[in-house]
Amino acid sequence: MPELPEVETIARGLKSSLPGIRIIDLTCHCGSALAQDAETFRSRLTGRRFTEVRRHGKYLFLMLDGGLALAVHLRMTGQLYLASSKQGRDKHVHLEFFLDNNARRLVYRDVRKFGGFLLLNGTTPREFLAAKDLGPDALQVRPEELLHACRRTRRQLKAVLLDQRVLAGLGNIYTDEVLHRAGLSPLLPAGELTAEEAGELAKTIRRVLLEAIRRKGTTLSDYRDAEQNRGGFQSFLLVYGRRGEACLRCGGSIHKIRVAGRGTYFCPHCQRAASMP
DNA sequence: CTGTTTACCTGGGGGC
DNA sequence: TGCCCCCAGGTAAACA
């Protein structure tokens, strides 16, 4: 799942323990988690010291001395966490960084193997993000940017919010939660959004993401933070996963449909789908 | 160029 | 218990 709140929670956990720590060695158990070959990784990273941890959207950047950085994306089931030296590894652990505090190691685990690491050598995170055409972080997006992106397309509103070039960080779960709280249907043609609605939408995005960060993210199954703890926001989901249940706002029934190729939960009664009356 | 579908990979759950 | 099918939080390549 990891969307912005989960990645931010991991980033905060790593920020509190990684900076200043040196990589003594690393082991790769699965080539597909690395954009470069394992030997390049090992030779470039061994002996380096972590300096800083950053996040933009769903990307993590582990900054190292010597002008190096690791761009990490967890995709669907990636986990990045600190493990004690005693803790064993299962078959889904693909990468282990052995650290010079010799009590812990940094572990990358990923059941579906969609995620992974890219070594940035001389490229800054900012340049990397620009090359990917990533939009502003969802916590920083301005109402005018949101309105402009909506006005220039014929897509449905949910497709726009999921588009990482428009804003970076929203995934399937938080998009449904945001749209419900904003009273807007995922099916609404994005071009019909009013300036006022775009303003409210930007505020709702920020409010939902900050609350989810406060709860340390949403754990439906795989997600764990940097200390391997579950999140708590799953108890506060209003629509996601609630097909057939009563809408907590109007008492209507939560529907599940497919929008932009994704399972989508919403309340047709209190989420506006058509032009304003 | 825009927008939609598919592929990537593994596991879990439901139906039989 | 087992087999088959469908579904899953993300992205980007392939396609129309």
Side-chain angles (χ1 to χ4, degrees), chain A residues 1-10 29-35 55-60 71-80 89-95 108-118 128-129 131-135 137-138 148-180 186-191 208-209 212-213 215-225 230-244 256-266:
Chain A
M1 138 186 42
E3 304 179 37
L4 187 150
E6 290 74 37
V7 180
E8 175 64 20
T9 303
I10 292 169
H29 309 285
C30 166
S32 71
L34 309 179
R55 179 197 62 74
H56 184 99
K58 300 173 195 172
Y59 277 97
L60 268 177
V72 189
H73 200 300
L74 305 172
R75 296 287 185 108
M76 301 278 260
T77 54
Q79 303 173 331
L80 189 61
R89 70 176 160 85
D90 67 19
K91 63 178 178 177
H92 300 301
V93 168
H94 305 310
L95 196 58
Y108 180 68
R109 182 173 181 275
D110 189 351
V111 170
R112 286 172 75 178
K113 297 195 272 199
F114 287 170
F117 290 67
L118 172 67
F128 169 80
L129 295 167
K132 292 248 162 211
D133 200 18
L134 236 73
D137 188 81
H148 178 71
C150 288
R151 283 289 168 84
R152 67 199 302 275
T153 182
R154 304 174 63 83
R155 300 152 89 192
Q156 294 165 322
L157 183 55
K158 175 161 178 172
V160 175
L161 294 186
L162 284 172
D163 188 340
Q164 304 295 299
R165 296 169 302 181
V166 173
L167 73 172
L170 288 183
N172 201 37
I173 296 175
Y174 291 109
T175 300
D176 282 3
E177 293 299 313
V178 163
L179 287 172
H180 178 73
L187 298 167
L188 181 73
V208 170
L209 294 179
I213 291 168
R215 304 284 177 185
K216 301 188 186 301
T218 300
T219 296
L220 295 181
S221 57
D222 296 287
Y223 169 70
R224 299 292 184 279
D225 72 11
R230 292 163 175 273
F233 194 70
Q234 59 276 11
S235 307
F236 299 87
L237 297 175
L238 299 184
V239 285
Y240 187 86
R242 292 186 177 274
R243 168 164 50 182
K256 184 184 182 188
I257 59 173
R258 194 154 285 270
V259 181
R262 326 291 302 278
T264 299
Y265 299 85
F266 76 120

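In what follows, chains carry the letters A, B, and so on, assigned in the order in which the sequence lines appear, proteins first and then strands, with residues in each chain numbered from 1.
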Please list every stem that involves DNA chain C, where a stem is a run of 3 or more consecutive Watson-Crick or G-U wobble pairs with both pairing distances under 3.5 Å.
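For DNA chain C the paired stretches long enough to count as stems (3 pairs minimum) are B:2-8 with C:10-16, B:10-16 with C:2-8.
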Regarding [X], tell me which of base, sugar-phosphate or nothing describes its non-hydrogen contacts under 4.0 Å with the strands shown.
| X | result |
| --- | --- |
| D110(A) | nothing |
| Q164(A) | sugar-phosphate |
| G261(A) | nothing |

Side-chain contact test, heavy atoms from C-beta onward, threshold under 4.5 Å: evaluate it for Y59(A) versus L134(A) and give yes or no.
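Yes, close enough: below the 4.5 Å cut-off.
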Are any of the side-chain heavy atoms of Y240(A) and N172(A) separated by less than 4.5 Å?
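Sidechains of N172(A) and Y240(A): in contact.
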Taking OP1 and OP2 of [N], is either one under 4.0 Å from a side-chain nitrogen or oxygen of [X]?
| X | N | result |
| --- | --- | --- |
| K132(A) | dA12(C) | yes |
| Y223(A) | dG9(C) | no |
| R258(A) | dA8(C) | yes |
| T153(A) | dG3(B) | yes |
| H92(A) | dG11(B) | yes |

Restricting to side-chain hydrogen bond (donor to acceptor under 3.5 Å, both in side chains), what partner residues turn up for R155(A), sequence neighbours left out?
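In terms of side-chain hydrogen bond (donor to acceptor under 3.5 Å, both in side chains), with neighbours along the sequence ignored, R155(A) is linked to D163(A).
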Does the aromatic ring of F114(A) sit over the six-membered base ring of dT11(C), closer than 5.5 Å centre to centre and tilted less than 30°?
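Base of dT11(C): not stacked against F114(A).
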Nearest-Å distance, CZ (R242(A)) to P (dG9(C))?
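Whole-Å distance recorded here is 17 Å.
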Go through the steps for D90(A) and R109(A) under the test salt bridge (Lys or Arg N to Asp or Glu O under 4.0 Å), then give the verdict.
CA-CA 9 Å; D90(A) 67 19; R109(A) 182 173 181 275; 2.8 Å; yes
